[in-house]
J.: 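The structure that follows is given in the form of structure tokens.
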Amino acid sequence: MFKTLRNAFKVEDVRRKLFYTFMMLIVIRIGSQVPVPGANMDNFKNFLSSMQNNAGDAWALFNAMTGGSFENLSIFALSISPYITSSIIMQLLTIAIPKLEELQKDGEEGRKKIAEITRYVTVALALIQSIAMAIGFQNNLYIEEGFFSIVQVVVAFTAGSAVLMWIGEQITEKGIGNGISIVLVINIISRIPSDMATLYSQFVSGKKLAMAGLAALIILAVILITVVLVVILQDAERRIPVQYSKKVQGRKMVGGQSSHIPLKINTAGVIPVIFASSLMSFPVVIANLIGKNPQSGFWMHVFKGLQSSNWCNPDNWIYSIGLLVYILLCVFFAYFYTSITFNPLEVADNMKKQGGFIPGIRPGKPTSDYLTKILNYVIFIGVVGLIIICVIPIIFSGVFNARVSFGGTSLIIIVSVSLETMKQLESQLVVRNYKGFLKK
């Protein structure tokens with residue numbers, strides 16, 4: 001990795017792209033510190049502290065994804081969450097709406113139209129979220145109440161989300177890597193120093209040297225194990241061999257080559273974890289926003305059971321039921337998301353049209369059934385690995401009562417985007433260093 005980075009700075013074009021990406025990231029971090037006009041930060045921070053005590057998991061995850069922009073109530077408070085949501089919505093609608101499916105198959109022009117629709121949906125979602133936040137936080141947000149104050153905040157939040165979307169697309173076009181993913185990663189990484197300081201003050205400061213050293217080793221071991229598992233999971237794939245039959249074109253015999261269908265073990269990526277976490281946190285967030293979070297009784301235990309910080313608490317194992325529900329949701333969303341993004345029947349038909357077949361499997365429906373069977377095994381292995389990665393930080397947080405904004409989900413995003421960006425950087429270096437067959 002370090003060799004790749006060193007070689008990248010030797011190529012002027014790649015160096016310029018890296019510098020452009022770096023400057024855009026600086027703009028993002030500056031914008032994350034600029035507060036929205038008309039906001040009373042003292043009131044909001046007090047309100048946010050009480051919210052974190054009652055629904056810490058949901059707010060911690062959202063704050064990590066926004067890079068602290070939400071906590072600072074900056075113009076980038078919504079971050080790129082509306083864009084990610086709109087992309088997922090468009091991906092699902094592409095399967096459900098034939099017109100969008102036709103656009104996707106139209107090549108570059110169709111993808112441009114889908115991207116344009118995604119931008120409009122992003123702005124609409126950002127507007128809806130901005131209005132909801134402005135109204136929901138009205139009593140804890142404004143110096144002066146009134147319609148004009150609400151409009152100020154709504155415009156600032158919506159414009160900030162649109163600007164971040166534009167920056168992400170510019171990084172993709174003129175920089176290195178997927179811009180939207182890089183924006184998300186830099187937001188998550190920006191929260192790690194403060195989380196490390198929190199862990200230090202909790203486990204190291206004020207304790208004996210031996211206990212402090214043991215706590216530090218446990219923290220480093222958890223992080224290292226999680227990162228290694230993420231790397232293994234992201235690179236793992238099941239390759240299904242495909243053989244293409246020979247055919248005559250004119251006077252030549254073509255075809256006969258061998259290939260394979262790569263099925264990633266983690267087929268759904270981090271989507272199942274995000275969906276499951278959001279679904280578990282949604283009731284708690286809504287209850288806190290409307291001021292109905294119960295402090296005692298049956299519903300109080302239900303709400304605590306929805307928060308991951310209580311799932312592995314040794315003082316009360318009843319909340320572990322929440323962990324079981326979380327695991328079941330992850331499994332469900334992994335199979336559901338993969339089923340709508342990968343169509344074995346379509347893959348089998350395309351192989352049949354191109355004269356391809358899986359050795360030992362007849363073309364057509366038998367191939368589709370075989371791919372479905374293999375895919376079900378692959379999804380199960382991938383979701384098990386995904387759950388292990390996400391549960392390790394949850395166990396650590398519950399047993400040691402360590403509250404941090406990043407966890408398995410954040411580490412998966414960081415590692416996967418870093419690996420993908422390095423692969424893209426290496427591919428650009430290979431293209432620019434290619435000398436040809438005849439040049440000596």
Side-chain angles (χ1 to χ4, degrees), residues 1-34 65-67 69 76 79-80 83-84 86-87 90-91 104 106-119 122 159-190 192-193 227 230-231 234-235 237 259 262 264 266 269-270 410-440:
M1 182 180 72
F2 295 107
K3 183 179 179 181
T4 301
L5 290 174
R6 186 173 66 250
N7 293 333
F9 283 101
K10 296 179 182 179
V11 181
E12 182 180 355
D13 187 25
V14 178
R15 185 170 64 246
R16 186 168 59 251
K17 290 186 175 184
L18 287 172
F19 179 75
Y20 182 85
T21 303
F22 179 72
M23 293 305 297
M24 288 293 101
L25 295 181
I26 291 178
V27 172
I28 293 171
R29 294 314 306 159
I30 293 175
S32 299
Q33 307 301 319
V34 179
M65 295 298 180
T66 60
S69 301
F76 290 163
S79 189
I80 55 170
Y83 183 86
I84 296 174
S86 65
S87 299
M90 290 301 299
Q91 193 171 11
Q104 191 179 38
D106 282 345
E108 187 65 24
E109 290 299 321
R111 285 192 290 270
K112 285 182 179 179
K113 291 181 180 179
I114 292 179
E116 184 178 354
I117 297 173
T118 304
R119 295 189 193 103
T122 299
S161 182
V163 169
L164 275 181
M165 177 181 64
W166 178 82
I167 290 175
E169 292 181 346
Q170 292 301 305
I171 292 176
T172 302
E173 182 180 351
K174 301 178 182 179
I176 295 292
N178 184 296
I180 300 298
S181 300
I182 290 177
V183 171
L184 181 60
V185 166
I186 197 64
N187 284 339
I188 296 174
I189 292 177
S190 66
I192 293 181
V227 170
V230 171
V231 173
Q234 290 301 118
D235 288 339
E237 64 181 20
S259 183
K264 290 183 68 66
N266 187 20
V270 75
S410 302
L411 290 176
I412 291 172
I413 295 173
I414 292 173
V415 175
S416 60
V417 173
S418 300
L419 291 175
E420 190 64 31
T421 304
M422 291 305 300
K423 288 179 182 178
Q424 188 175 133
L425 185 60
E426 289 175 356
S427 66
Q428 294 198 20
L429 290 176
V430 169
V431 171
R432 284 161 177 79
N433 291 330
Y434 179 68
K435 296 180 180 180
F437 292 107
L438 301 179
K439 188 174 181 180
K440 295 183 181 180

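Since the structure is predicted, the reported quantities are computational estimates derived from the model, not experimental observations.
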J.: Sequence neighbours left out, what passes side-chain contact (heavy atoms from CB on, under 4.5 Å) with Glu169? Give chain and number order.
T.: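 Per chain and number, Glu169 pairs via side-chain contact (heavy atoms from CB on, under 4.5 Å) with Tyr83, Arg119, Met165.
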J.: Closest approach of Thr118 and Ser87, non-hydrogen atoms and distance?
T.: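 Heavy-atom minimum between the residues: CG2-OG, 3.9 Å.
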J.: Is any side-chain heavy atom of Ile84 less than 4.5 Å from a side-chain heavy atom of Leu184?
T.: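 They are in contact (side-chain heavy atoms under 4.5 Å apart), so the answer is yes.
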J.: Could you pull out the closest heavy-atom pair between Gln33 and Arg29, with the gap in Å?
T.: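 Residues Gln33 and Arg29, closest heavy atoms: CG-O, 3.4 Å.
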J.: Sequence neighbours excluded, which residues qualify as side-chain contact (heavy atoms from CB on, under 4.5 Å) partners of Ser181?
T.: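 With neighbours one apart ignored, the set is Asn178, Val417.
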J.: How far apart are the closest heavy atoms of Ser79 and Asn187, and which atoms are they?
T.: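 Scanning both residues completely, I find the closest heavy atoms to be OG-ND2, 3.0 Å.
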J.: Report the C-alpha separation of Asp13 and Arg16 in whole Å, then their side-chain angles, then the decisive distance to 0.1 Å, and conclude whether the side-chain contact (heavy atoms from CB on, under 4.5 Å) test is met.
T.: CA-CA 5 Å; Asp13 187 25; Arg16 186 168 59 251; 2.9 Å; yes
J.: Tell me every residue that passes salt bridge (Lys or Arg N to Asp or Glu O under 4.0 Å) with Arg15, counting only those two or more places apart in sequence or in another chain.
T.: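 Arg15 satisfies salt bridge (Lys or Arg N to Asp or Glu O under 4.0 Å) with no residue once adjacent residues are dropped.
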J.: Output all residues satisfying salt bridge (Lys or Arg N to Asp or Glu O under 4.0 Å) with Glu237, sequence neighbours left out; order by chain, then residue number.
T.: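 With sequence neighbours excluded, Glu237 shows a salt bridge (Lys or Arg N to Asp or Glu O under 4.0 Å) to Arg239, given in chain and number order.
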J.: Minimum heavy-atom separation for Gly177 to Gln424, with atom names?
T.: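 Heavy atoms only, the tightest pair is N-OE1, 3.0 Å.
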J.: Can you name the nearest heavy-atom pair linking Ile180 to Ile80, along with the distance?
T.: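 Between these two residues, the closest heavy atoms are O-CD1, 3.1 Å.
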J.: Looking only at heavy atoms, which two atoms of Ile188 and Ile414 are closest? And how far apart?
T.: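 In this case the closest contact between Ile188 and Ile414 is CG2-CD1, 3.6 Å.
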J.: Would you check, one step at a time, whether the test side-chain contact (heavy atoms from CB on, under 4.5 Å) holds for Phe76 with Val163?
T.: CA-CA 9 Å; Phe76 290 163; Val163 169; 4.1 Å; yes
J.: Out of curiosity, Thr122 OG1 to Ile117 CD1, how far, rounded to the nearest 0.5 Å?
T.: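 The OG1 atom of Thr122 sits 11.5 Å away from the CD1 atom of Ile117.
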J.: Which residues pass the salt bridge (Lys or Arg N to Asp or Glu O under 4.0 Å) test with Lys423, not counting sequence neighbours?
T.: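 By the salt bridge (Lys or Arg N to Asp or Glu O under 4.0 Å) rule, Lys423 matches Asp235.
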J.: Can you sort out the partners of Tyr20 under side-chain contact (heavy atoms from CB on, under 4.5 Å), two or more places apart, ordered by chain and number?
T.: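 Testing Tyr20 for side-chain contact (heavy atoms from CB on, under 4.5 Å), a comparison that skips the adjacent residues, returns Met24, Gln170, Lys174.
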J.: Going from CG on Leu25 to CD1 on Ile186, what distance comes out if it is rounded to the nearest 0.5 angstrom?
T.: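 It comes to 5.0 Å.
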J.: In Å and rounded to the nearest 0.5 Å, what is the CD1 to OG distance from Ile189 to Ser418?
T.: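 So the CD1 of Ile189 and the OG of Ser418 are separated by 6.0 Å.
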J.: To the nearest 0.5 Å, how far apart are OG1 in Thr421 and CD1 in Ile182?
T.: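 Reported to 0.5 Å precision, the distance equals 4.5 Å.
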